[in-house]
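No hydrogens, no waters, no symmetry mates; every other heavy atom, side chains included, goes into these values.
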Amino acid sequence: MPKCVIAEDEALLRESLVQLLGQVWPELEIVAACEDGGSALEAIAAHQPEVAFLDIRMPGLSGLEVASSMLDAGMKTEVVFVTAYDQYAIDAFERGAVDYLLKPVARERLAGTVGRLRERLARGGQDIGQLHTLLQQLQSVAPPQPKTPPLVWLTASRGQETRLIMVDDVAYFQADSKYTVVMTADGEALLRKPIRDLLEVLDPAMFKQVHRSTIVNMRCVFGVTRDESGRGTLRLKNRPETLAVSQPFMTLFKNM
């Protein structure tokens with residue numbers, strides 16, 4: 001059975017795509033249905049699926065960035081992009097070997113996509129060079145994400161005390177059940193916001209996701225080591241503990 005990873009940040013659309021795929025491609029095994037790009041990249045690296053459906057715009061890593069990281073890691077997963085932005089994407093898609101779906105996904109259109117995927121898988125997969133070219137085209141014509149000022153400060157609790165913390169003072173954020181641990185040089189506090197929501201409000205130039213549960217302030221990184229499996233370990237400038245870096249996110253440090 002071919003395996004599949006779905007990445008779509010809108011829950012209703014994600015569930016709808018799962019259901020439709022069950023109807024038009026019942027033998028397809030959906031091994032992960034993710035709500036953000038970081039989780040999708042980790043799931044793809046873990047399961048090595050034959051197919052991935054990637055929403056172009058997601059919190060943290062976009063679908064384009066996930067696909068680019070897949071290429072850097074040598075993965076040969078077939079990619080289908082899901083987009084609501086047909087005004088810039090259609091021309092580029094029509095010139096490439098990669099398929100696309102417009103939101104909301106129609107059953108008939110999905111059935112056609114599945115047919116083309118089956119044909120490509122039977123032939124041994126898509127041309128990786130064509131995917132690379134398409135990604136370059138899409139990144140050059142895609143409209144910019146709506147820009148909002150990045151988060152400057154936040155309030156988090158430490159015991160019975162509520163603290164005002166400047167975001168620049170945060171070494172890293174780490175998911176903890178329904179909360180997020182905010183770690184600074186002088187200790188930790190708890191934030192009542194899931195880590196996924198932080199990806200939308202932090203400065204993406206300085207705060208990078210290095211694991212599905214961890215966002216690190218790149219100003220606080222002292223160094224990184226890589227093990228034989230391709231995973232990494234970060235040392236920090238102002239904290240004694242180390243942080244795990246999932247193998248797919250090690251591309252952030254390829255020039256270090």
Checking side-chain contact (heavy atoms from CB on, under 4.5 Å) for the pair F207/L151: CA distance, chi angles, key distance, verdict?
-> CA-CA 11 Å; F207 286 88; L151 193 66; over 6 Å; no
side-chain contact (heavy atoms from CB on, under 4.5 Å) between V221 and K237, worked out | CA-CA 6 Å; V221 174; K237 297 176 182 177; 6.0 Å; no
Are L234 and Y172 close enough, and set up right, to give a side-chain contact (heavy atoms from CB on, under 4.5 Å), and what steps lead you there?
-> CA-CA 11 Å; L234 287 184; Y172 61 90; over 6 Å; no
After noting the C-alpha distance and the side-chain angles of F173 and K193, does the key distance pass the side-chain contact (heavy atoms from CB on, under 4.5 Å) rule?
-> CA-CA 11 Å; F173 298 92; K193 181 189 287 285; over 6 Å; no
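Rounded to the nearest 0.5 Å, atoms CE (M183) and CG (N217) are 13.5 Å apart. Between atom NZ of residue K103 and atom OG1 of residue T83 there is a gap of 7.0 Å, rounded to the nearest 0.5 Å. In this structure, CG on L191 lies 5.5 Å from CG on L198, to the nearest 0.5 angstrom. Note that CG of D186 and CZ of R239 are 8.5 Å apart. Values are rounded to the nearest 0.5 Å. Taken to the nearest 0.5 Å, the CD1 atom of I165 stands 8.5 Å off from the CZ atom of R158. We find the CG-CD distance between L61 and E42 to be 10.0 Å, quoted to the nearest 0.5 Å.
Considering every non-hydrogen atom in both C220 and V170, the closest pair reads SG-O, 4.0 Å. Of all non-hydrogen atoms in V24 and A111, the two that sit nearest each other are CG1-CB, 4.3 Å. The minimum heavy-atom distance linking L17 with I6 is given by the pair CD2-CG2, 3.9 Å. Shown here for C4 and L21, the closest heavy-atom pair between the two residues is SG-CD1, 4.4 Å. Closest of all the heavy-atom pairs between M70 and V79 is CE-CG2, 3.8 Å. The shortest non-hydrogen separation linking L41 to P248 is CG-CB, 3.2 Å.
Checked for salt-bridge contact, R118 and E27 meet the test: a charged N lies under 4.0 Å from a carboxylate O. Salt bridge status for R192 with D197: absent, with no side-chain N to carboxylate O gap under 4.0 Å.
E65 places a side-chain N or O within 3.5 Å of a backbone atom of S62 that can act as its donor or acceptor partner. Of the possible polar contacts, none joining the S39 side chain to the R212 backbone as a donor-acceptor pair under 3.5 Å is found. Side chain of R116 to main chain of D99: no donor-acceptor pair is present (N/O by atom type, distance under 3.5 Å, no hydrogens or angles). Formation of a donor-acceptor pair under 3.5 Å by the Q209 side chain with backbone atoms of I215 is not found in this model. Between the S213 side chain and the A175 main chain, no donor and acceptor come within less than 3.5 Å of each other. Side chain of D176 to backbone of Y179: no donor-acceptor contact under 3.5 angstrom is found.
Using a 4.5 Å cut-off between side-chain heavy atoms of Ile, Leu, Val, Met, Phe, Trp and Tyr, with links allowed through other members, L243 and M206 fall into the same hydrophobic cluster. By the rule that hydrophobic residues join a cluster once side-chain heavy atoms approach within less than 4.5 Å of another member, M218 and V245 end up as members of one cluster. Both L121 and L28 sit in one connected hydrophobic cluster of ILVMFWY residues. Membership requires side-chain heavy atoms under 4.5 Å apart, directly or through other members.
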Got a list of side-chain donor-acceptor pairs under 3.5 Å for residues 9-16, not counting sequence neighbours?
residue : atom : partner : partner atom : Å
R14     : NH1  : E8      : O            : 2.6

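Within the 4.5 Å cutoff, no side-chain heavy atoms of L190 are placed close to those of T180. Between D227 and T233 there is no side-chain heavy-atom pair separated by less than 4.5 Å. Put simply, the side chain of F53 reaches to within 4.5 Å of the side chain of L117, judged on heavy atoms.
For the pair R109 and Y100, the cation-pi criterion (under 6.0 Å, within 45° of the ring axis) is fulfilled.
For the 3.5 Å distance criterion, the side chains of T214 and Q174 qualify, holding a donor opposite an acceptor.
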